Amino acid sequence: MSVTNLLDNWAEVRHFHPIDDKPHDPYKWAMSIDLDACIGCNACAVACYAENNLPVVGREKFQHGQVMHWMRIERYWNEDDREFPDQGAEFLPMMCQQCEAAPCETVCPVGATNHTQDGLNSQIYNRCIGSRYCSANCPYKVRYFNWYDYPTTDNVWPAEMNYQLNPDVTVRGKGVMEKCTFCVQRLRAAEVTAKGEGRIVREGEVQTACQQSCPTNAISFGNLVDPESRVYKQWKAQQVDLAKDEQEKDKQEGGSDLRGYRILEDLRTYPSVMYLERVRESAV
Amino acid sequence: MKDIREDIAWAKINQDVMKSLENPRPMYWVILFFAALVLAVGIGCEVYQYRTGMGVANLDNPHVWGLYIGTFIFWIGMSHSGTLLSAILHLMHADWRKPIYRFAEAMTTFSLMTAGLFVLMHLGRLWQFYYAVPYPNERWAWPNFQSPLIWDAMAMFTYLSSSVLFLFIGMIPDIAIARDNMHSGWRKKLYTLLALGWEGTDRQWRNFRMTYLTVACFLIPLAVSVHSIVASDFAVSQQPGWHVTSFPPYFVAGALYSGCAAIITLFIILRYVFKFEDYMTLPILKKVVRLTFAIAMVWTYLNCVEFASVWYSHDAASKGVLIQKMTGAYAPFWWAMIFCGSIVPLIFAVKRFQTNIPVIFATSLLMNLGMWLERWMIVSPTFSHGYYPWTWDHDQWPSMIQWGIVFGSFGWFTLLFMVFCKMFPSVSMYEVKEMVYHRSLHLKQNGTPVEQTVEQGVH
Amino acid sequence: MIDSEFDRRDFLKVLGWGGAAVALSGCGNTSIEDGKETIVSYVQAKDYVIPGVAVYFNSTCAQCDAGCSITGKIREGRVLKLEGNPESPINKGRLCGLGQASVQHHYNPDRVREPLLRQGDKGEAISWEKAYGLINEKLSGVKGEEIAFITGDVSGHQKVLLGNYMDSLGSKNHFVYEAAAPAVVRAANLKAYGVEMPRYRIDKAKVVLSFGADFLGTWVSPVHFAQQYAAFRKGVDGQRGVLIQAESKMTLTGANADRWLAVRPGTEGILALGIINALGIATGDVAQLVKDYDKARVSRDTGVEPSHIDKIAAILRLRSPSLVLAGSAAEGYVHGMQNAEAINLLNYVLGNVGKTIESPVSVPFPQLAPSKGNTASLKRLNDDLAAGKYKVLFNIATNPVFTAPASYKFGDSMAKAGFKVAFAHYLDETALQADLVLPLDSEMEDWGTHVPEYLTETAQINIQQPLMERLHANTRGMGDILLALVKQRKPEEYKAFDDYYGYLRGAMLQNKGALGGAEKDDDNFWNDTLSNGIVKLSGPSSALSGKADVAGLKLPAPREADKEYPLRLIASVTSNLRDGRHTNQPWIQESPDPLTTIVWDSWIEMHPKKAAELGIVEGDIVKVTSRTGSISAQVYVFPGIHPEAVSIPIGRGHEAMGRYAKGYGVNPFSIMDSVFESTTGELAMHETNVNIAKTGQRVIVVKDEGPVGGKQMGARIAVSRSTDQVDLSKEV
Amino acid sequence: MSKRHLLALYGDFDQAEAVVKELRNTKITGFDVNDDMIVKSPIEHPEVEKFLGEKPVYVQWFTLIGAVIGGSLGFLGISSAQANFFMQMKGGKPIVPLPANFVLTYELFILGGVYITVLGFLICSGLPAKRSPLYNAKVSVDNIGILVKAEEAAVAVLKAIFAKHQAIEIQEEAGK
């Protein structure tokens with residue numbers, strides 16, 4: 001601690017928006033999910049349970065809304081009053097949107113949730129005191145609180161079932177908040193390997209668990225500042241700008257024929273997940 | 001009717017008040033017993049919750065806060081009237097506050113302590129609460145000063161410690177009286193210690209007056225800021241129903257309101273239990289009742305402002321929350337809040353009821369209930385009906401554990417308050433003497449009672 | 001594909017090495033008691049354990065019969081997570097939720113750990129020697145025809161070994177039973193195309209018209225079809241494939257359709273003929289057949305609006321090739337075969353045969369090819385058992401007591417067999433009734449080969465190898481048990497094989513040339529085989545030989561409403577639960593049903609109109625009564641179902657099996673009437689008629705969706721647009 | 001030279017005022033009216049201060065200093081805690097966010113003000129104090145007490161003045 005340090009840091013980090021200067025160098029992890037490809041099969045959600053040591057809370061606690069699915073598949077119906085949902089349902093995988101201006105980050109009293117240089121919204125479990133303010137302030141409600149001490153709860157991980165726990169991921173005890181991490185354990189491993197080889201992580205080198213399992217390849221994940229990445233190309237093609245709360249294409253007269261959008265974008269959370277609208281055939 | 005008799009002997013004042021430290025009515029012990037019982041239940045629930053996890057409160061994932069935070073705001077709000085009576089009315093020279101401000105100030109302190117408890121027991125990891133304290137630790141990790149919860153903690157700490165100091169300083173002359181009149185024993189030693197050697201010298205009084213005035217000046221903005229910051233917990237967030245600019249004044253008005261209602265309740269209880277009929281007189285009660293009525297109307301107005309601004313905004317989500325409050329699962333509670341908070345105080349508009357103790361007592365309890373409901377209705381409906389319809393959750397009700405802890409807090413407060421009132425003079429003796437002195441002086445000079453002018457000063 | 005070359009090479013590096021290690025140690029098949037293992041420091045542990053580093057082995061998923069290849073992540077000798085094996089043309093690196101959950105099958109705390117011998121109501125743990133001895137003893141003097149075997153789909157060398165054992169016993173009574181298999185469609189396909197399962201090319205089709213084939217959720221090979229579907233939706237030059245689904249109860253596939261048609265139960269064939277009629281391009285016999293099926297009549301019979309029939313006919317005419325699929329919704333009736341035939345006829349009329357319906361490949365080793373399960377076999381077995389024909393019954397990992405309609409009284413029939421041996425993972429309903437329970441290894445401990453029923457680009461043999469040591473010392477692989485049993489009969493012929501691993505390796509090496517390893521030495525070939533997890537073969541493809549044969553195709557008029565039992569019960573198969581063999585895996589229980597989002601319980605789907613008519617709201621407990629029996633369950637008001645039908649998913653309602661399965665939900669088989677498809681004798685799963693009575697109880701349905709259900713309440717969350725507002729060709 | 005204490009009690013403020021006036025106007029050797037007289041009263045009595053003459057009060061200076069120190073140290077402390085050590089990056093917010101820090105600065109401003117004021121009160125009024133040699137509990141009831149300290153020679157004169165104004169009671173420190 002020194003005054004010079006103070007002044008230096010103050011001058012350097014007084015940016016109002018992380019994307020205004022260059023913290024996203026060399027990584028900004030982002031996702032895009034094609035709702036037209038998503039079939040709602042739940043493979044991603046189960047893969048997430050397997051990868052991230054999510055507890056199975058059981059019927060009673062599920063009923064009390066204490067389920068811990070970091071990734072949930074939502075099923076929407078068309079809202080007009082037709083007799084049958086004759087254009088099917090719309091499935092939407094929802095997990096932490098890793099907002100660039102995350103409402104959860106600023107309100108945590110102990111700084112247990114912070115932004116990382118590679119654009120993630122990270123949760124520090126052992127710093128968390130469980131005030132749950134972050135969840136209260138999350139518009140997407142994708143944060144999950146450990147209402148009980150699941151590791152010691154009956155039939156969550158009974159003998160042998162605990163052998164499945166992924167040693168790369170913390171098993172969370174009671175009283176801490178958790179959420180989708182974009183499989184940060186995989187990202188770190190890849191980043192470190194790449195650093196050792198003097199390069200950055202290449203496209204396709206790292207996958208999140210949900211992306212890896214998705215049978216229809218609806219989820220793409222990658223480095224948004226790498227022009228080679230599929231995510232970059234998709235965001236670019238859909239003209240979705242991470243740093244905007246309203247996209248240029250949406251301001252056009254008559255809308256655009258692009259289907260990229262971000263959920264609750266107008267709240268200025270700047271989510272890192274772009275969704276592609278579901279499409280339905282107009283001829284039938 | 002005079003708010004206090006001028007001919008009351010100063011020695012009698014001492015005697016009467018000192019008596020409250022010795023032998024209250026049996027009702028005192030009854031109240032104490034029930035308070036302890038309720039507290040024991042609350043402690044039991046908290047121990048269970050601490051050991052098992054917050055899930056036993058039946059909170060859930062979108063609905064992460066519940067009665068705890070609602071009741072927390074309630075207690076914080078309640079603290080504000082102590083400051084209103086002791087500081088604001090002090091600056092306004094409304095000297096009818098003098099017999100009653102001491103217990104109001106004590107109420108401030110203890111309700112703040114109760115509110116603090118809620119902050120703690122609401123934590124998922126209570127045992128790590130000190131992470132939120134900016135203490136220099138080996139990791140040099142500080143709390144997040146951006147968080148309104150840290151503002152809250154800071155404001156509450158400031159408010160609590162300032163209130164304790166304010167209460168204590170204002171009490172020094174009375175502790176000296178207690179010291180002089182208490183038969184020897186541990187209590188005499190305690191009073192001797194706490195009186196700090198006060199003897200009422202001219203130098204002490206001079207500095208005392210200045211200090212009291214200064215601290216009072218600080219307390220007023222502090223009290224306003226405390227509840228504004230509590231309001232910021234909600235207003236600074238971006239949830240529908242919370243993200244409202246008018247929340248800070250709305251909260252402050254609500255705080256004064258619930259505090260005044262609580263003062264009326266406690267006024268009536270203390271008056272009976274400690275036989276303070278000569279000091280906590282009906283005319284003073286009438287003034288408090290009128291004050292409460294006025295604040296109730298201010299609150300009602302701000303309520304309407306809030307609804308109107310939501311209603312005429314284009315924010316569908318906020319509107320949805322409001323409609324949900326009015327018509328959804330919470331509707332009975334919401335309408336009960338409107339009834340208790342805005343309709344019930346209209347009774348006070350009837351002059352006949354302004355001095356009718358049973359009516360006032362019942363009304364004050366209802367208003368307290370209404371204000372408690374108000375806090376719950378601020379917290380819960382937003383959780384059950386946020387931006388994200390998929391996670392709406394209209395059927396989540398507090399468990400018995402949650403209720404137990406909430407009730408336990410009332411026991412805790414009552415216990416602390418009642419013990420305080422028996423340990424320390426809950427009527428300010430020296431100030432009642434001042435009041436009597438000024439009244440008699442006034443009477444001597446122009447033969448008219450002062451009541452009228454004072455009243456104008458208040459309203 | 002996202003997987004870059006880099007990724008793949010990395011995989012292989014580990015795998016090649018890992019596979020070698022397995023071959024050397026025979027992981028999972030030596031036990032400490034054998035004295036073949038040496039105590040070593042953990043830092044110099046087995047070759048396949050590097051502390052702190054994950055190694056990967058390839059194997060095959062056994063959760064369903066699609067035969068997806070998996071790659072298991074193993075750390076410190078424990079399997080942690082499964083991914084799809086990118087080398088497999090079936091699943092191309094992807095894996096469904098059910099597959100992910102198979103680790104929970106492996107680590108399940110309720111697995112059977114010792115051979116159990118029935119002593120009254122209890123099971124007594126006995127040694128394997130004693131168990132084998134007992135079987136030998138009980139078989140002595142029993143004639144071959146008095147011995148029956150019931151299995152699920154079985155293929156590969158286990159099938160060979162099973163066949164050898166049966167031969168040695170002289171038994172020909174092999175009943176292959178699958179509760180939810182497309183057996184009627186297979187028969188109809190055989191008639192129409194000359195093969196049971198042609199190769200469907202959803203990815204080549206521009207329009208897919210599916211009559212209840214839930215190919216994204218449960219049908220045949222869902223992960224494979226989902227990948228085809230993804231390509232189909234991307235389309236060529238931005239022309240996106242169009243999916244039309246006609247069924248009485250919305251399936252996962254139906255939920256993804258561009259147009260979902262609620263068809264009156266049982267009238268799928270009529271709709272198919274109506275569409276042929278509307279197409280107006282049929283000639284000859286076909287034209288003759290469909291001439292009565294004009295729009296008005298079809299619309300009246302099926303409940304599908306005439307405008308929809310027109311639009312579908314128009315788009316089918318316009319966009320070619322298309323693909324028409326017949327699925328479980330069509331086949332579950334007495335006239336299921338007719339339905340399926342009428343639907344297959346559409347493919348002929350549209351000229352899809354040969355374009356999107358291709359001739360399938362098959363494995364050049366017919367002895368390894370799968371025995372395909374159906375429900376008619378169970379019916380036969382049940383009749384035989386009831387008649388007291390069998391003295392000894394071997395049940396290999398099936399659970400017919402749970403999945404047979406209650407009217408079979410399968411438990412009672414089974415009791416008539418003198419000695420019942422169950423090869424089981426769990427003490428499920430059927431194993432509980434056995435006299436001897438033999439605990440099976442999980443698929444992550446066992447050796448084996450599998451030939452998927454539905455092959456894709458190439459013929460392939462899937463290798464199943466242990467991903468870790470046995471979790472419980474006293475479980476055995478199916479192959480090992482069969483080998484031990486067959487050795488009892490023919491000790492000389494099998495004495496060369498210590499265990500099934502040896503047998504399997506020997507059998508594979510014997511055919512090294514045919515398996516593509518002619519130029520490799522034995523060890524290299526074997527190691528490569530294990531590390532690949534798949535042996536790809538160029539198998540013969542059976543040509544499509546069928547023709548549009550309309551002889552005997554006659555569809556009954558829609559059923560008149562039954563006064564006493566006015567509603568159709570559709571016992572639906574959901575993608576999570578399938579036939580209920582995975583219900584004890586908690587991820588499966590807690591994974592919300594995609595359409596209703598209900599977890600941990602059964603429900604009755606009912607159309608809002610019907611519910612309103614009966615005064616029922618969500619969460620009401622109703623009593624569903626059929627001619628066979630009645631059950632009570634919670635109602636979920638669901639728009640995606642025909643008002644004349646109600647639906648209960650199968651798979652829940654276990655009375656045994658384990659802590660996560662027992663006592664959750666109800667089993668619709670317990671009220672299913674014994675009605676059979678007229679041609680194939682398959683159980684007609686949709687022919688049960690029921691009535692519904694309120695019980696007056698109401699519960700909160702345990703589900704993921706909120707109180708407003710699938711509404712967005714004006715929020716812009718899940719957004720949809722129609723194809724005329726989008727230009728997919730611009731996309732990445 | 002030893003001094004002795006005398007305490008006279010009066011039941012009436014007017015009498016006490018008269019006594020003080022007389023003490024002021026009378027030259028008594030061995031007694032300085034400004035240094036050796038303390039007036040004790042049961043209530044905060046403006047009249048007492050009036051007849052004793054205006055005396056300066058310094059508490060407000062403590063207040064000023066406290067508030068300024070509280071506010072400025074608060075802001076600097078918080079900002080340096082944010083900008084030094086582990087920076088907590090918050091998406092969309094600067095590391096040193098001024099609005100948030102102003103709120104805390106405000107609180108610390110008040111906190112400093114109140115604490116130092118109270119400290120100032122204790123210093124200025126000499127509390128906690130040793131009890132004075134002569135004290136009568138009646139001062140805390142309704143009497144006004146005049147405590148004087150005088151040399152032996154002046155005691156008698158003072159006594160006379162007290163008695164002249166009808167003191168209720170005159171207490172005298174025992175001679176050495």
Side-chain angles (χ1 to χ4, degrees), chain B residues 9-11 13-14 134 139-142 144-148 150-151 154-155 157-159 161-162 165-166 168-169 172-173 176-177 179-181 193 195-212 214-215 218-219 221-222 225-226 229 232 429-431 433-434 437, chain D residues 13 38-46 48-49 52 55 57-60 62-63 67 77-79 81-82 84-86 88 90 93 97 100-101 103-104 106-108 110-111 113-115 117-118 120-122 124-132 135-142 144-145 147:
Chain B
W10 290 18
I13 296 175
N14 274 17
R139 288 177 240 99
W140 295 106
W142 299 98
N144 173 21
F145 295 107
Q146 294 192 36
S147 169
I150 291 294
W151 309 348
M154 195 66 227
F157 172 72
T158 307
Y159 193 28
S161 58
S162 303
L165 286 174
F166 191 52
F168 172 64
I169 287 185
I172 289 175
I177 296 174
R179 173 196 66 197
D180 292 348
N181 291 288
L193 191 72
L196 302 177
W198 177 272
E199 288 186 351
T201 69
D202 53 326
R203 177 186 171 199
Q204 287 168 345
W205 278 119
R206 211 165 37 237
N207 287 295
F208 177 85
R209 194 190 60 214
M210 179 54 89
T211 307
Y212 198 74
T214 314
V215 177
F218 270 121
L219 269 187
L222 177 58
S225 80
V226 168
I229 285 172
S232 302
M429 291 179 270
Y430 75 97
E431 276 170 298
K433 287 176 195 167
E434 282 171 22
Y437 175 71
Chain D
F13 284 100
I38 293 170
V39 178
K40 301 181 179 180
S41 66
I43 62 171
E44 182 203 332
H45 205 285
V48 173
E49 284 172 40
L52 285 177
K55 286 194 180 173
V57 175
Y58 297 107
V59 175
Q60 62 271 40
F62 284 89
T63 310
I78 289 165
S79 302
Q82 286 164 329
N84 277 291
F85 316 115
F86 289 114
Q88 298 176 8
K90 305 290 174 190
K93 296 284 187 290
N101 289 6
V103 173
L104 288 169
Y106 181 79
E107 294 303 323
L108 286 163
I110 291 178
L111 190 71
V114 170
Y115 275 37
T117 304
V118 171
F121 163 66
L122 295 179
C124 292
S125 54
L127 292 176
K130 265 191 171 156
R131 303 293 300 279
S132 53
Y135 181 72
N136 193 311
K138 281 183 182 165
V139 170
S140 68
V141 181
D142 53 0
I144 187 154
L147 177 70

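Chain letters run A, B, ... following the sequence lines, proteins first and then strands; every chain starts at 1. The structure presented is a predicted model; accordingly, all values stated were derived computationally and were not measured.
In terms of heavy-atom pairs under 4.5 angstrom with chain D, the leader among Leu165(B), Asp180(B), Val226(B) is Asp180(B). Between chain D and the options Glu431(B), Met210(B), Glu434(B), Met429(B), the largest number of non-hydrogen pairs under 4.5 Å is found for Glu434(B). Of the residues considered (Ile144(D), Leu147(D), Asn101(D), Val39(D)), Val39(D) shows the highest number of contacts with chain B, using heavy-atom pairs under 4.5 Å. For the set Ala11(B), Ser225(B), Ala141(B), the count of heavy-atom pairs under 4.5 angstrom toward chain D peaks at Ser225(B). Among Ser162(B), Ala9(B), Ala195(B), Ala176(B), the residue with the largest count of heavy-atom pairs under 4.5 Å with chain D is Ser162(B).
With a threshold of 4.5 angstrom between heavy atoms, Ile229(B) approaches chain D through side-chain atoms but not through N, CA, C or O. The part of Tyr106(D) that comes within reach of chain B is its side chain, from C-beta onward, which places non-hydrogen atoms under 4.5 angstrom from that chain. When heavy atoms are compared at a cutoff of 4.5 Å, Phe168(B) does not approach chain D at all. Contacts of Leu219(B) with chain D are absent, with no heavy-atom separation under 4.5 Å from either backbone or side chain. In this structure, the portion of Leu108(D) lying under 4.5 Å from any heavy atom of chain B is its side chain and not its backbone. Both the backbone and the side chain of Ile177(B) come within less than 4.5 Å of a heavy atom of chain D. For chain D, the nearby parts of Pro221(B) are the backbone and the side chain; heavy atoms of each come within less than 4.5 Å. Only the side chain of Ile169(B) has a heavy atom closer than 4.5 Å to any heavy atom of chain D.
Of the inter-residue distances, the one linking Gln204(B) atom CD with Leu122(D) atom CG reads 10.5 Å to the nearest 0.5 angstrom. Atom-to-atom distance recorded for Asn144(B):CG and Gln88(D):CD is 5.0 Å, nearest 0.5 angstrom. The OG1 atom of Thr201(B) sits 7.5 Å away from atom CG of Leu127(D), with the distance rounded to the nearest 0.5 Å. Annotation: the span from Lys40(D) atom NZ to Glu199(B) atom CD amounts to 3.5 Å, rounded to 0.5 Å. Of the inter-residue distances, the one linking Tyr212(B) atom OH with Thr117(D) atom OG1 reads 14.5 Å to the nearest 0.5 angstrom. Between the OG atom of Ser125(D) and the CG atom of Leu196(B) there is a distance of 8.5 Å, given to the nearest 0.5 Å.
Using modelled atom types and a 3.5 Å distance limit, the side chains of Tyr115(D) and Ser161(B) yield a donor-acceptor pair. There is no side-chain donor-acceptor pair under 3.5 Å between Gln60(D) and Thr214(B).
Two residues are said to be in side-chain contact when any heavy atoms from C-beta on lie closer than 4.5 Å; Leu111(D) and Tyr159(B) fail this criterion. Between Glu107(D) and Leu222(B) the shortest side-chain heavy-atom distance falls below 4.5 Å. The side-chain heavy atoms of Ile78(D) and Trp142(B), taken from C-beta on, include no pair separated by under 4.5 Å.
Judged by a 6.0 Å distance limit and a 45° cone about the ring axis, Arg179(B) is positioned over the six-membered ring of Tyr135(D).
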### Query
Phe218(B) and Thr63(D): side-chain contact (heavy atoms from CB on, under 4.5 Å), yes or no, with the steps?
CA-CA 10 Å; Phe218(B) 270 121; Thr63(D) 310; 3.1 Å; yes

### Task
Take Val57(D) and Phe208(B) through the test side-chain contact (heavy atoms from CB on, under 4.5 Å) and record every step on the way to the result.
CA-CA 10 Å; Val57(D) 175; Phe208(B) 177 85; over 6 Å; no

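Considering every non-hydrogen atom in both Ser41(D) and Trp205(B), the closest pair reads O-NE1, 2.9 Å. Across Phe145(B) and Ala81(D), no two heavy atoms sit closer than the pair CE1-CB, 3.8 Å. Smallest separation of non-hydrogen atoms from Ile43(D) and Tyr430(B): CG2-O, 3.3 Å. Of all heavy-atom pairs between Asn14(B) and Ser140(D), the closest is ND2-O, 3.1 Å.
A donor-acceptor pair is defined here as one N or O able to donate and one able to accept, closer than 3.5 Å; such a pair exists between the side chain of Lys433(B) and the backbone of Val141(D).
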